[in-house]
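One structure below.
Chain A is the first sequence line, chain B the second, and so forth, proteins listed ahead of strands; every chain is numbered from 1.
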Protein chains: 2
Amino acid sequence: MPVTIKDVARLAGVSPATVSLVLSNKGQVSEETRRKVLEAVQKLGYRPNVLARNLVKGKTRTVLLCAFIREDRKLSTFYGDLINSLLAATSSSGYYLQIVVKGEFFNGHPLDKREALLDIARNRLFEGLFILSHWPVQYPEVSDLVREGFPFVVVNQRVEGDGVSYVDIDHYGGAREAMRYLLEQGHTRIAHIRGPQGHRHAEERYRAYLDALIERGIPIRREYIVEGDFRRLSGREAMERLLETRPLPTAVFCANDKMAIGALQVAKERGIRVHEDLTIFGFDGIEAVKYTDPPIPTVEQPLGELGKVAAEILMERIQGGEGKSVVLPCRLVEWSTV
Amino acid sequence: MPVTIKDVARLAGVSPATVSLVLSNKGQVSEETRRKVLEAVQKLGYRPNVLARNLVKGKTRTVLLCAFIREDRKLSTFYGDLINSLLAATSSSGYYLQIVVKGEFFNGHPLDKREALLDIARNRLFEGLFILSHWPVQYPEVSDLVREGFPFVVVNQRVEGDGVSYVDIDHYGGAREAMRYLLEQGHTRIAHIRGPQGHRHAEERYRAYLDALIERGIPIRREYIVEGDFRRLSGREAMERLLETRPLPTAVFCANDKMAIGALQVAKERGIRVHEDLTIFGFDGIEAVKYTDPPIPTVEQPLGELGKVAAEILMERIQGGEGKSVVLPCRLVEWSTV
DNA sequence: CTTGTAATCTAAACCGTTTTAAGGAGCGTC
DNA sequence: GACGCTCCTTAAAACGGTTTAGATTACAAG
């Protein structure tokens with residue numbers, strides 16, 4: 001039997017309406033009445049039932065982060081910074097953040113993303129939605145949301161189409177940065193440990209690798225391109241393959257840091273002086289590459305910025321704004337040990 | 001003008017009550033009626049207003065993670081695994097997880113944690129609560145929750161008192177493990193880079209260091225104990241101090257991995273063969289220590305387990321159970337590079 | 001033709017707020 | 001004394017569902 005507004009009203013000798021007015025500072029209430037009400041609130045320890053308030057107001061001040069990722073992956077391991085900044089940005093706008101992770105399957109069948117999203121839009125629990133997806137988001141999957149006018153932002157994927165806002169990272173540009181760095185150092189024999197076929201980010205980084213070489217007129221050697229699966233072990237295997245090629249490459253651009261770490265380990269085990277004889281370059285900007293020996297230069301994904309911008313856009317759309325889409329640049333980083 | 005249950009009822013030619021019955025599979029409804037209702041639901045794309053449902057049922061199927069951490073720290077950087085497992089465990093029990101971060105201050109004054117928690121308990125938005133706090137939690141701060149019978153679990157801190165459940169990690173035991181490892185290797189000159197004074201976890205680890213030496217009858221040397229602030233740079237400074245002592249220690253037990261990394265860097269810069277001439281040991285089990293050269297053995301905090309157990313206990317309490325408190329052991333890990 | 005029983009369905013109360021139109025009190029003016 | 005104005009307060013209608021007691025119908029049995 002929690003205390004309700006009626007209890008307060010009774011104790012203060014006024015109507016519930018008056019209590020509501022006092023508590024929300026609306027209408028004109030005499031000092032005397034205000035005092036009585038506040039006293040009663042204090043005495044009873046009354047806190048409004050936010051559920052009821054939300055129902056009548058039709059607002060919840062809550063947004064949802066819906067993450068579509070493979071069940072075996074962990075959301076906040078890679079996206080930790082994103083979550084941090086989403087949390088910070090939404091709460092500073094006075095919104096709460098709820099998080100739900102949806103895998104590829106639901107009740108045994110492939111998850112119907114479209115249905116799931118429609119559910120979210122219609123259940124009235126959320127005023128807005130971040131869609132974070134590991135795999136590409138198709139326009140039809142979000143078209144219902146657009147039609148309903150439900151505010152949402154796609155994070156980390158691009159979805160072209162009217163009425164959809166996304167915030168993405170410029171993987172192609174970042175990879176071009178990496179290549180520019182290596183080329184400026186005079187490397188011409190640059191290998192690439194690429195990510196899995198069909199993975200959009202892997203493809204973009206791969207394309208940047210190719211384009212950079214082509215623009216410089218450097219011939220592309222098939223044997224310098226090895227595919228990994230983004231995990232460290234595959235970086236090791238790839239590096240072993242690369243060390244069999246002749247002439248040896250003088251630099252290896254890895255599609256992510258984990259594989260770069262694996263590559264570094266193999267190179268060192270073989271007695272190669274890394275960065276003197278062979279430069280290894282990563283992608284992502286995970287913590288661990290700061291502390292390898294030597295540290296691995298990399299291209300940092302602005303995950304914090306991603307969340308911040310996504311939140312700004314969502315807030316704007318919630319307030320009825322147009323919204324927009326943004327592609328964020330990566331930043332090249334070289335770590336020192338001091 | 002969203003579709004409501006009344007719209008469905010009108011279209012199906014029945015009463016709202018019947019629609020509700022059909023949708024929740026209660027009461028007895030004729031096949032004919034059921035079909036008509038389902039058809040109307042389908043045609044209108046009706047989704048119940050969960051807000052309204054929650055209000056009448058008095059349940060929300062939502063729990064809150066309330067994190068009290070310093071504003072400048074990032075929740076999911078260190079607690080990423082915890083969040084992952086909380087997310088997984090709550091959702092597998094059919095609950096949603098909402099997260100809110102509260103700093104040390106609110107509107108300029110120190111945050112009144114007690115008031116904040118009471119708010120959460122009374123606003124009826126959540127059925128349960130995880131309290132994650134960087135600094136110690138005092139019993140009076142949660143006593144209101146106990147009195148109200150609001151289900152909650154304190155994570156990563158211990159709070160003794162009737163009716164409170166907590167899940168904590170055995171830092172003392174973990175540090176004893178670390179020391180046992182070093183002592184078994186025959187080390188007698190073991191230094192300690194400790195964490196900040198007054199920090200509970202730092203103190204526990206420090207105490208374990210002392211106790212282990214005392215039990216072995218090894219004299220404690222003041223100059224072998226240096227205080228850091230848990231950051232890498234302070235680990236570097238501490239190591240520099242330690243390298244001035246004579247005789248040199250043969251092992252350094254660091255109160256966390258970050259400082260261990262700093263210590264490792266300095267040792268290598270000075271040409272010390274780490275693990276041959278000087279063993280460095282960490283604490284926490286962060287990703288980066290797997291990939292330093294050499295990898296730093298450490299004691300892993302079971303953050304994933306922490307979340308899992310905390311969720312189990314919270315669910316039990318929500319269902320009216322007694323709840324309990326658990327202290328989880330750490331695990332010693334040595335990484336290989338393969 | 002009653003009566004009883006089971007099968008369906010619905011009216012109406014309820015959940016705890018907010019909001020608004022209208023009611024009443026007090027008071028100065030003409 | 002009637003009128004018009006402020007001020008303050010409240011009754012009542014939402015918000016969109018769930019739940020329950022009881023109405024209605026159909027039908028078999030007596």
Side-chain angles (χ1 to χ4, degrees), chain A residues 1-41 44-62 119-127 148, chain B residues 1-41 44-62 119-127 148:
Chain A
M1 55 237 65
V3 8
T4 73
I5 201 171
K6 286 181 195 160
D7 300 322
V8 176
R10 198 172 317 124
L11 180 58
V14 298
S15 75
T18 305
V19 176
S20 176
L21 259 14
V22 169
L23 258 24
S24 54
N25 266 321
K26 281 185 191 153
Q28 16 204 17
V29 183
S30 72
E31 263 321 305
E32 168 68 1
T33 312
R34 172 182 310 277
R35 198 187 45 69
K36 279 191 305 187
V37 168
L38 259 20
E39 217 163 58
V41 165
L44 297 176
Y46 169 72
R47 299 283 201 292
N49 179 327
V50 180
L51 233 49
R53 196 216 296 285
N54 286 348
L55 174 60
V56 42
K57 291 206 166 191
K59 314 238 158 192
T60 59
R61 303 245 94 193
T62 304
D119 232 25
I120 291 165
R122 296 232 172 125
N123 69 20
R124 302 271 133 191
L125 240 24
F126 310 104
E127 292 185 39
E148 304 255 317
Chain B
M1 57 239 65
V3 177
T4 73
I5 201 171
K6 287 181 194 161
D7 301 322
V8 176
R10 199 171 317 125
L11 181 60
V14 297
S15 76
T18 306
V19 177
S20 175
L21 258 15
V22 169
L23 260 24
S24 54
N25 267 320
K26 282 185 191 152
Q28 15 204 18
V29 183
S30 71
E31 263 322 306
E32 168 67 1
T33 313
R34 171 182 310 278
R35 197 187 46 68
K36 279 191 305 186
V37 168
L38 259 19
E39 216 163 59
V41 166
L44 297 176
Y46 170 73
R47 300 283 200 296
N49 180 327
V50 180
L51 232 49
R53 197 216 295 284
N54 286 349
L55 175 59
V56 43
K57 291 204 167 193
K59 313 237 160 194
T60 59
R61 303 246 95 191
T62 303
D119 234 25
I120 291 166
R122 297 230 172 128
N123 69 21
R124 302 271 131 190
L125 240 25
F126 310 105
E127 292 186 38
E148 304 255 316

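- Rotation axes derived from the C1' atoms of the five outermost pairs at either end of the helix from C/dC1-D/dG30 to C/dC30-D/dG1 lie 80° apart, to the nearest 10°.
- Under the rule for a side-chain contact (heavy atoms from CB on, under 4.5 Å), the partners of B/R10 that lie at least two apart in sequence or sit in another chain are B/K6, B/D7.
- The CG-C1' distance, from A/L125 to D/dG17, rounds to 13 Å in whole Å.
- Taking both residues in full, the closest heavy atoms of B/I120 and B/F126 are given as CG2-CD1, 3.9 Å, listed atom of the first, atom of the second, then distance.
- Following rounding to the nearest Å, A/R47 (CZ) and C/dG16 (P) show an atom-to-atom distance of 17 Å.
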Which atoms of nucleotides 26-28 of chain D (N or O only) lie under 3.5 Å from a protein N or O atom, and what are those distances?
none

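- Taking the side-chain contact (heavy atoms from CB on, under 4.5 Å) definition, one finds that B/E32 meets it with B/S30, B/R35, B/K36, sequence neighbours left out.
- Near DNA chain D, meaning a heavy atom under 4.0 Å from it, residues 4-16 of chain A has A/V14, A/S15 in order of number.
- Residues from residues 49-56 of chain B that place a heavy atom under 4.0 Å from any atom of DNA chain D, listed by number: B/N49, B/A52, B/R53, B/V56.
- The side-chain heavy atoms of A/P2 and B/R124, taken from C-beta on, include a pair separated by under 4.5 Å.
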Can you check nucleotides 4-6 of chain D for protein contacts, nitrogen or oxygen pairs under 3.5 Å, and list what you find?
none

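- Listed by first and then second residue, the salt bridge (charged side-chain N to carboxylate O under 4.0 Å, His left out) pairs involving residues 18-27 of chain B amount to none (not counting sequence neighbours).
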Would you sort out whether A/V14 and A/V19 count as a side-chain contact (heavy atoms from CB on, under 4.5 Å), showing the intermediate values? CA-CA 7 Å; A/V14 298; A/V19 176; 3.8 Å; yes
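- One can place CZ of A/R124 at 10 Å from P of D/dG17, the figure rounded to the nearest angstrom.
- Between B/T18 and C/dC9, a side-chain N or O to OP1/OP2 separation shorter than 4.0 Å is absent.
- Contacts of residues 19-33 of chain A with DNA chain D (heavy atom under 4.0 Å): A/L21, A/Q28, A/V29, A/S30, A/T33.
- The stretch residues 48-60 of chain A participates, sequence neighbours left out, in no side-chain hydrogen bond (donor to acceptor under 3.5 Å, both in side chains) pair at all.
- With sequence neighbours excluded, the residues satisfying side-chain contact (heavy atoms from CB on, under 4.5 Å) with A/D119 are B/R47.
- No donor-acceptor pair under 3.5 Å is formed between the side chain of A/R34 and the backbone N or O of A/N25.
- Sorted by first then second residue, the side-chain hydrogen bond (donor to acceptor under 3.5 Å, both in side chains) pairs that include residues 11-20 of chain B, not counting sequence neighbours, are B/S15-B/T18.
- Looking at B/L23 and B/L38, their side chains come closer than 4.5 Å, going by heavy atoms from C-beta outward.
- Regarding A/K36, its NZ atom lies at a distance of 13 Å from the P atom of D/dC8, rounded to whole Å.
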